[in-house]
Amino acid sequence: MLPTPRMLLSCNPRTDEPVGEVAAADSAAVATAVRGVRAAAPAWAALDTAARRRNLDRWRRIMARRSGELRRLLAEEAGKAPADALLEFDLVLHHLQWAAANARRVLAPRRVGSGSMMLGHRSTLIRRPYGVVGVIGPWNYPVYTPMGSIAYALATGNAVVFKPSEYTPLTGAWLAETFAEAVPDHPVLVCVHGGGETGAALVAAGVDKLAFTGSAGTGRKVMAACAESLTPVLMELGGKDSAIVDADADLEAAADAIVWGGLMNSGQTCAGVERVYVVGDVYDRMLALIADRAEKLTAGVEYGAIAMPGQIDVIARHIDAALADGGRAVVGGRESVRPPFVDPVVLADVPETSEAVQSETFGPVLVVNRVTDLQEAIDRTNASRYALGAAVFGKRRARWAASRLRGGMVAVNGVVDFGAVPGLPFGGNGASGFGRIHGIPGLEEFTTCTSITEKRFRLPIRPQRFGRNALDLRALELLLMRHRRGRG
Ligand code: TXE
């Protein structure tokens with residue numbers, strides 16, 4: 001008799017009511033899943049990009065047709081407001097379409113100039129899928145974030161084993177189920193469920209690449225485990241993104257964008273706004289505009305619940321720290337924390353050393369601080385160990401400021417807009433991780449490259465051989481002289 005699988009219960013964070021359950025995967029089940037997709041991977045990789053695109057387009061159509069199910073799951077399992085669920089799903093389909101349509105640009109062999117030393121050779125770069133990609137996902141955007149890896153990995157011909165967050169397993173299962181419906185001949189996307197131990201089992205199961213989204217702490221553990229087998233990793237970690245407001249910004253528009261950027265999805269957005277730096281002259285007016293907009297919003301109405309119960313303690317701790325360190329609450333405060341909801345909180349004049357400024361809060365909390373000029377805003381933004389995204393509001397110098405920021409993405413006169421442009425890579429630097437999802441770099445991320453040189457004709461000069469003659473050495477001397485003169 002087969003042992004009864006351990007079940008993983010998914011609960012609604014708003015009500016704590018069960019939404020459903022899935023079988024949890026132990027390390028044997030994870031290994032079986034990896035073996036299964038590995039067996040199916042070659043046939044998927046052997047399809048040309050047009051055929052893979054047709055399959056992925058069919059998946060997209062089926063997902064769009066069954067969208068009501070996913071939106072309900074996002075609301076029930078991740079506690080999302082309906083509008084946030086709809087936005088997330090639209091973004092996912094947008095990225096899937098782009099990845100499927102553009103994979104051929106990355107996979108097509110690329111001719112490279114051979115250079116003066118290798119005249120007579122044809123040089124070509126070819127890219128191939130890794131094979132099996134493990135994707136470990138978070139709960140805050142349980143479809144959008146992992147699909148940044150899943151869609152791009154599948155489009156480039158990989159098979160994928162996906163471990164969704166233990167808080168959003170049904171959403172992950174839905175993705176695998178709709179894929180199986182759309183692409184029954186190629187079982188190259190499967191889901192394994194469970195918590196950290198299942199994620200660790202996936203890392204150890206011999207995948208060819210691992211894409212991780214989550215906290216920096218867990219990212220470190222995943223990377224250490226991957227080091228054992230030299231498995232390449234992609235790390236999408238947290239952020240402490242700032243919005244910078246220059247004196248010539250359209251303040252009303254900036255306030256609208258910042259409040260949305262900080263509070264949407266209950267502030268549980270890796271590239272959401274957590275810090276705001278406003279240039280002195282317009283600080284008071286900007287703070288008033290932000291406060292005015294934030295205090296009109298209510299958790300549970302315009303945005304949803306905090307999906308992970310433990311996060312509520314982090315949010316409360318950061319509010320306490322900001323106030324204890326000398327900051328002031330302009331909207332809300334500790335009383336805004338009413339689990340599973342957190343109403344908007346706007347804090348002002350919080351010292352930069354405070355935990356509320358240094359660490360990722362991941363809640364609907366904005367810290368609004370005054371700076372003397374744009375340079376100080378840039379310096380403070382860049383002083384964070386995180387460097388994911390940022391926003392700059394202004395006219396004359398906004399683009400200049402954007403180019404001085406250390407993060408991987410900047411929105412000028414908007415927030416998180418880069419995440420909706422499939423052609424732009426998404427990812428961070430420093431403690432926010434490395435590697436990129438989305439865009440051409442996001443497709444390349446799931447391929448490995450091989451460089452090929454092919455001799456087309458034999459030159460009289462052949463310095464790469466034993467028994468070189470005077471002519472060969474003369475040719476090398478001439479090349480050296482060209483470098484002395486600064487030529488190539
Ligand atoms: O993330 P974890 P959590 C940040 C945010 C949040 C914090 C904690 O600050 O407060 O992370 O969230 C799996 N080997 N972000 O607890 O623990 C785990 O099961 C392999 C930012 O959800 O990092 C889940 O599937 N896998 C981020 C995934 O890792 C392991 C989004 C993430 O879990 C594992 C989410 C292990 N040893 C949280 N341990 C963003 N960039 O958006 C856990 N996991």
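All residue numbers refer to positions in the sequence shown, counting from 1. Atoms within each ligand, like the ligands themselves, are counted from 1 in listed order.
- In this model, no donor atom of one side chain and acceptor atom of the other lie less than 3.5 Å apart for Lys240 and Ser432.
- Of the charged side-chain nitrogens involved, none lies within less than 4.0 Å of a carboxylate oxygen, so that Glu181 and Arg65 do not count as a salt-bridged pair.
- The contact shell of ligand 1, taken as protein residues with any non-hydrogen atom closer than 4.0 angstrom, comprises Ile136, Gly137, Pro138, Trp139, Asn140, Lys163, Pro164, Ser165, Glu166, Gly195, Gly196, Gly199, Ala200, Phe212, Thr213, Gly214, Ser215, Thr218, Val222, Glu236, Leu237, Gly238, Cys270, Met308, Gln311, Glu360, Phe362.
- Within the model, atoms CD of Glu236 and CZ of Phe434 stand 10.0 Å from one another, a figure rounded to the nearest 0.5 Å.
- Annotation: cation-pi geometry satisfied between Lys80 and Tyr141 (NZ/CZ under 6.0 angstrom from ring centroid, within 45° of ring axis).
- For the residue pair Asp379 and Tyr277, no side-chain donor N or O sits within less than 3.5 Å of a side-chain acceptor on the partner.
- In terms of the side chain to side chain donor-acceptor pair (under 3.5 Å) criterion, Asn140 has no residue partners (sequence neighbours excluded).
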